Amino acid sequence: MTAPDLAALRDLLGPPGVLSAPADLERYLVDERRLYRGRAAAVLRPDSTHALATAVAWCHAHGVAMVPQGGNTGYCGGATPDESGQQVVISLERMTRVRRVDASAFALTVEAGATLASVQAAAHDAGLLFPLSMGSEGSAQIGGALSTNAGGLAVLRYGTARDLVLGLEVVLPDGRVWDGLRVLRKDNTGYDLKHCFIGAEGTLGIISAAVLKLFPAQSQRETAWLAVDDLAAACRVLAALRHRLGDAMTSFEYISGESLALVLANVPDTSAPQVVSPAHVLVEIAAGEGHGLRETFERALLALSDEGLVRDAVLAQNETQRRACWRLRETIPAAEKQLGGSVKHDVSVQIDRLPALERAARSAVLAHVPTARLSVYGHVGDGNLHFNVLAPADADPVPFKTAHAEAVSTLVHEAASVLDGSFSAEHGVGKLKRELLRDVEGPLAIELMRRLKQAFDPLGLMNPGKVLLPPDAP
Ligand code: MLT
Ligand code: ZN
């Protein structure tokens, strides 16, 4: 691989389009969890699809490997360059325009570098809703969210990022632009190419813009904090509420007593909810005008409490209380980070198997390290648990992770696998889980994935070494 000629790239992209001073590069070289630190010859920052395509074509012609990067909030190192110093990072951060809002078609066309929060705001300004939502939405960009098929907090009702896309524009590894920006709800014209790029973590091309689905704004929203006995009770509550509330539920988030305690001890501006127990659920429901949502919700919760499924429930009375409840859920990752980080897991199983997953993972991990601290929480409405393992209170987290991360992760992933689950529900594969992907998916699936990679990126220049291990890896 040759080192890129930065003068040529500057001519193509203009001075703001190419960063190369070490201090300017720093924030692009380290991932959110600080698992990886790479080097790069430059960071390219095109400000349009045309500029992006020009830069990619140049890299393709000169054999320069490219690492696309959105908000750099991913958990698996998928947007961090390698240590060679010869790759370029391509940041989408200057491509933030909302190109079109088609309110009557419930669609919006936006460039890849727009943050999720800004897409939500654009939809809101048009009197509509863009529902993809997560703790990192202020910095996570739509292109990255689509490239990792992000999940988040409203999958139960609206699906993952993949379900929210009508069309895509993609710069291919050779610099050609595939224009699939269609505003069509139905379109069966051959293979659905957009789905090749969604969830591909930038290994097949760079998503430069997307047509996103919008939804009617929800004028009524109710949020409840529930105390329950355990995860099994939470799953029963989920099923009961789905029967009683139909599609009104948007979020059903589980927060163990352990995770809540971590937040209360480590995150400023949090205070204990009115009801505390070994396990909690944050439920949010929403609907348009005229549904009497609050009364329906109250009746449902009362019935569940009469049946003994819910120990106690508190409905948020106003937006401040609602925000306080969400803060207890959304800051769990920050609390873990504050304590030196955790060995994170992102496992999913069919929903009724979640209690078995949690039991198996808990007993296996604690048999291995009896003093480890657990932080178990997640998107129970989607069958997705974050089963995170922290160093014992009196231990240094760095040597703990070095000594135990691999064994602990194997135990948790085995527990999911025995139950026909997934080791990556929403965080992707990146660099971190490539071996797992190879070992778990089996040779045929890996062969098909390699053929796809070869078809889209025969020179192997687009985010090399991510998702799939190099073919010669042991
Ligand atoms: C979350 O749901 O908060 C994140 O996906 C999980 C995490 O930070 O571990
Ligand atoms: Zn999550």
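Because the structure is predicted, anything quoted here is derived from the model rather than measured. Order of appearance sets the numbers: ligands from 1, and atoms from 1 within every ligand. Numbers here simply count residues along the sequence, with the first being 1. Values below: all heavy atoms of this structure, side chains included; hydrogens, waters and symmetry mates excluded.
- Within 6.0 Å of the CD atom in Glu435, the count of heavy atoms belonging to other residues, nucleotides or ligands exceeds 12.
- Note: Phe106 and Phe215 fail the aromatic proximity criterion, with ring centroids not under 6.0 Å apart.
- If you look at Phe456 and Phe197, their ring centroids are closer than 6.0 Å.
- Other residues, nucleotides and ligands contribute only 12 or fewer heavy atoms inside 6.0 Å of the CD atom of Glu406.
- Ion pairing of Arg373 with Glu336 is absent here, as no side-chain N (NZ or NE/NH1/NH2) approaches a carboxylate O to less than 4.0 Å.
- Checked against the 6.0 Å centroid criterion, the rings of His413 and His345 qualify as a close aromatic pair.
- Crowding of Asp247 atom CG: a count of heavy atoms from other residues, nucleotides or ligands under 6.0 Å not exceeding 12.
- For ligand 1, the protein residues within 4.0 angstrom (heavy atoms only) are Tyr75, Arg329, Pro333, Lys344, Tyr377, His379, His386, Asn388, Glu426, His427.
- Only protein atoms were considered; those of element N, O or S under 2.8 Å from the Zn ion (ligand 2) number 3.
- Salt bridge status for Arg37 with Glu26: present, with a side-chain N to carboxylate O gap under 4.0 Å.
- Between the Ser277 side chain and the Ala279 main chain, a donor and an acceptor come within less than 3.5 Å of each other.
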